[in-house]
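Both ligands and their constituent atoms are indexed starting at 1 by order of listing. Everything numeric here is computed off the predicted structure, so don't read it as measured data.
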Amino acid sequence: MSINPDTQQHASPVAHFGFDASCCFIGGVWQPASGGEVLTLENPSTGETLCAIARGDAADIDAAVIAAQTAMQTGWGRATALERGRFLSRLGRLVLDNVEQLAELEALDVGKPVKQAKADAVALARYCEFYAGAADKVHGETLPYLEGYTAFTLREPHGVTGHIVPWNYPMQIIGRSVGAALAMGNACVLKPAEEACLTALAFAELAAQAGLPAGALNVVPGLGAEAGQALSSHSGVQHISFTGSVSTGAKVQASAANSVVPVTLELGGKSAQVVFDDADLDAALPFLVNAGVQNAGQTCSASSRLLIQKGVYHQLIDQLAGRYAQLQVGDAMQDLALGPLISARQKSIVEQYLSQGSDLDKVAVGVMHDDASPQGHFVLPTLFADVPPDHVLAQEEIFGPVQVVIPFEDEDAALAIANGTPYGLVASVWTNDGARQMRMAKALRAGQVFINNYGAGGGVELPFGGVGKSGHGREKGFEALYGFSCLKTVAVSHG
Ligand code: TXE
């Protein structure tokens with residue numbers, strides 16, 4: 001796909017960072033894709049072309065892996081934990097200094113309302129800060145062993161780590177995976193999504209400014225089937241971290257299996273919030289709505305199912321409908337409650353799901369802002385009530401601003417419904433009964449459970465990941481550092 005240079009006029013926030021958006025970042029150098037090809041990035045709020053990006057392919061991934069291997073054998077591979085932490089600390093500072101510009105890039109590229117994009121930029125800084133502090137606090141142990149021996153463990157980097165990142169939260173996902181991988185001393189090859197990759201490139205530029213040695217972080221934009229596939233199957237990569245769809249995650253795992261390397265998969269979900277009759281409904285209400293429509297519902301941990309006990313069901317439906325009626329949708333730069341979906345393709349996926357809900361009780365929809373462009377990929381947030389738990393809208397990840405409400409009688413029924421999908425990423429429980437809080441927390445099949453709140457993807461400090469089709473492995477918190485390192489056991493015989 002070629003691009004007319006005249007269409008670059010919207011890329012001005014890129015100019016602030018001083019990188020060339022049509023290049024890959026390999027071995028510390030900005031360079032065009034080896035085939036010289038580019039893809040176009042679209043502004044999902046308007047359908048207009050934003051700018052050209054490199055269409056990296058297997059040759060570029062190969063060059064990036066070699067650059068990362070070289071970095072492991074030279075500067076970055078020899079950096080102490082203290083030095084790695086200091087680098088991340090400088091990077092976090094630079095991210096904070098550029099929050100406004102990063103947010104503008106993300107809003108244009110992803111279609112995320114500016115306020116949400118800003119929160120993502122701050123979260124990126126927070127990941128850098130957290131992993132800066134953690135870099136020199138991960139250590140092995142001494143182990144009791146045979147008489148005449150001293151045994152201990154060492155935590156070592158894997159080597160070259162591959163990071164395949166989607167378009168919905170580029171900054172947060174880069175922060176949690178690349179941040180942790182660098183803290184442990186790995187050298188990273190990052191393949192951002194073809195739909196949104198500008199903040200990944202800006203992050204690479206900031207990392208270079210923060211003094212990251214050449215090759216420690218390489219960014220190769222490109223198509224999933226080309227650059228992504230090449231990265232997940234490259235024999236020089238020792239760990240793959242993937243966030244995206246179940247079907248692509250399965251392909252990535254199969255590729256990694258050929259090279260026998262570990263994978264971390266975060267594959268989204270169908271997360272439930274369970275509201276009991278005794279809950280503080282005023283406290284719950286904003287979480288119930290926001291966790292479903294944040295980022296226009298394109299959130300792996302979106303709460304797309306609301307399970308409400310019968311005693312408060314009708315009252316809460318009315319309150320939810322009232323909130324929905326106030327949700328405005330429009331251009332990301334207008335900073336309304338919702339922006340557009342990422343692409344015409346994603347809009348069509350969501351609209352197909354909505355048409356499958358024609359038999360359901362649609363209790364509320366949001367409103368389109370008058371200035372919203374007809375070419376933007378907007379979908380009105382939609383709330384369905386009385387949805388059978390086995391309905392397709394209550395079972396499959398829609399990845400759009402659609403929530404289903406399901407009534408339930410008692411705790412057992414709530415658990416059966418909440419655990420009744422193939423996914424298990426996040427769940428929350430709203431109740432003031434302490435014993436029930438503990439029972440539910442233990443019985444819910446999810447990687448994260450929140451009681452009387454809902455942290456959609458939030459919590460830099462909190463290990464995050466799924467069970468079932470939501471994936472495996474954990475990112476965020478200290479747990480990520482264990483995933484991005486391998487343990488070596490040393491036993492010394494000294495008589
Ligand atoms: O995902 P893909 P898509 C879900 C959501 C959405 C659906 C499709 O339900 O509707 O996935 O989105 C790269 N080898 N999520 O098509 O294909 C690709 O370039 C290696 C949930 O965008 O999974 C991109 O960088 N890599 C989710 C990344 O994988 C490949 C976030 C994600 O793309 C590849 C996004 C291949 N063969 C979508 N094919 C979440 N968990 O948050 C593609 N890629």
Side-chain angles (χ1 to χ4, degrees), residues 39 41 44 53-58 61 109-110 112 120 162-174 176-177 189-197 199-200 219-234 237 240-259 263-271 294-302 304 341-353 377 379 392-393 395-402 421-426 447 456-457 464-466 468-473 475:
L39 302 162
L41 273 190
I53 57 163
R55 180 175 176 171
D57 61 13
I61 290 291
D109 200 2
V110 179
K112 199 174 279 238
D120 286 5
H163 305 257
I164 301 175
V165 169
W167 40 264
N168 55 339
Y169 285 84
M171 284 193 278
Q172 293 223 28
I173 295 171
I174 290 168
R176 76 190 190 201
S177 91
V189 178
L190 164 62
K191 208 299 280 174
E194 50 271 47
E195 295 87 350
C197 67
T199 51
V219 183
V220 181
L223 297 173
E226 296 175 358
Q229 161 66 24
L231 180 57
S232 62
S233 58
H234 198 291
V237 173
I240 304 277
S241 155
F242 172 83
T243 303
S245 63
V246 176
S247 58
T248 303
K251 283 186 205 159
V252 167
Q253 179 155 340
S255 290
N258 281 329
S259 334
V263 265
T264 301
L265 299 180
E266 197 271 84
L267 307 178
K270 195 70 190 172
S271 299
Q294 178 180 312
N295 203 30
Q298 304 165 114
T299 304
C300 45
S301 53
S304 48
L341 300 188
I342 186 72
S343 61
R345 174 176 154 247
Q346 191 63 27
K347 180 178 173 182
S348 143
I349 293 172
V350 174
E351 285 178 342
Q352 281 171 34
Y353 276 114
H377 309 308
V379 171
V392 62
L393 267 63
Q395 285 290 316
E396 295 185 9
E397 181 178 64
I398 298 172
F399 232 58
V402 181
T421 78
Y423 293 101
L425 193 57
V426 177
F464 176 71
K469 288 207 167 158
S470 290
H472 52 75
E475 293 190 303

Chemist: Present, as a list of atom pairs with distances to 0.1 Å, all nitrogen or oxygen contacts under 3.5 Å between ligand 1 and the protein.
Modeler:
residue: ligand 1; atom: 9 (O); partner: E397; partner atom: OE1; Å: 2.7
residue: ligand 1; atom: 10 (O); partner: Q346; partner atom: OE1; Å: 3.3
residue: ligand 1; atom: 10 (O); partner: Q346; partner atom: NE2; Å: 3.1
residue: ligand 1; atom: 14 (N); partner: Q229; partner atom: N; Å: 3.4
residue: ligand 1; atom: 16 (O); partner: R345; partner atom: NH1; Å: 3.4
residue: ligand 1; atom: 16 (O); partner: R345; partner atom: NH2; Å: 2.8
residue: ligand 1; atom: 17 (O); partner: T248; partner atom: OG1; Å: 2.9
residue: ligand 1; atom: 19 (O); partner: K191; partner atom: NZ; Å: 2.6
residue: ligand 1; atom: 19 (O); partner: E194; partner atom: OE1; Å: 2.6
residue: ligand 1; atom: 19 (O); partner: G224; partner atom: N; Å: 3.3
residue: ligand 1; atom: 22 (O); partner: W167; partner atom: NE1; Å: 2.6
residue: ligand 1; atom: 23 (O); partner: S245; partner atom: N; Å: 2.7
residue: ligand 1; atom: 23 (O); partner: S245; partner atom: OG; Å: 2.8
residue: ligand 1; atom: 23 (O); partner: T248; partner atom: OG1; Å: 3.3
residue: ligand 1; atom: 25 (O); partner: V165; partner atom: O; Å: 2.8
residue: ligand 1; atom: 25 (O); partner: K191; partner atom: NZ; Å: 3.2
residue: ligand 1; atom: 41 (N); partner: G244; partner atom: O; Å: 3.4
residue: ligand 1; atom: 41 (N); partner: E266; partner atom: O; Å: 3.4
residue: ligand 1; atom: 41 (N); partner: E266; partner atom: OE1; Å: 3.2
residue: ligand 1; atom: 41 (N); partner: G268; partner atom: N; Å: 3.1
residue: ligand 1; atom: 42 (O); partner: N168; partner atom: ND2; Å: 3.1

Chemist: Under a 3.5 Å distance rule, please check whether Q253 uses its side chain to pair with a backbone N or O of V263 as donor and acceptor.
Modeler: no
Chemist: Quick one: list whatever passes side chain to side chain donor-acceptor pair (under 3.5 Å) with S348, sequence neighbours left out.
Modeler: Q352
Chemist: Tell me whether E396 is salt-bridged to K469, with the criterion being a basic N under 4.0 Å from an acidic carboxylate O.
Modeler: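 Result for this pair is no, no salt bridge flagged.
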Chemist: Please identify each residue that fulfils side chain to side chain donor-acceptor pair (under 3.5 Å) with S271, with sequence neighbours left out.
Modeler: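 For S271, no residue satisfies side chain to side chain donor-acceptor pair (under 3.5 Å) once neighbours in sequence are set aside.
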Chemist: Under the rule for side chain to side chain donor-acceptor pair (under 3.5 Å), what residues qualify as partners of E226, not counting sequence neighbours?
Modeler: R55
Chemist: Under 4.0 Å between a Lys/Arg side-chain N and an Asp/Glu carboxylate O for K270 and E397?
Modeler: no
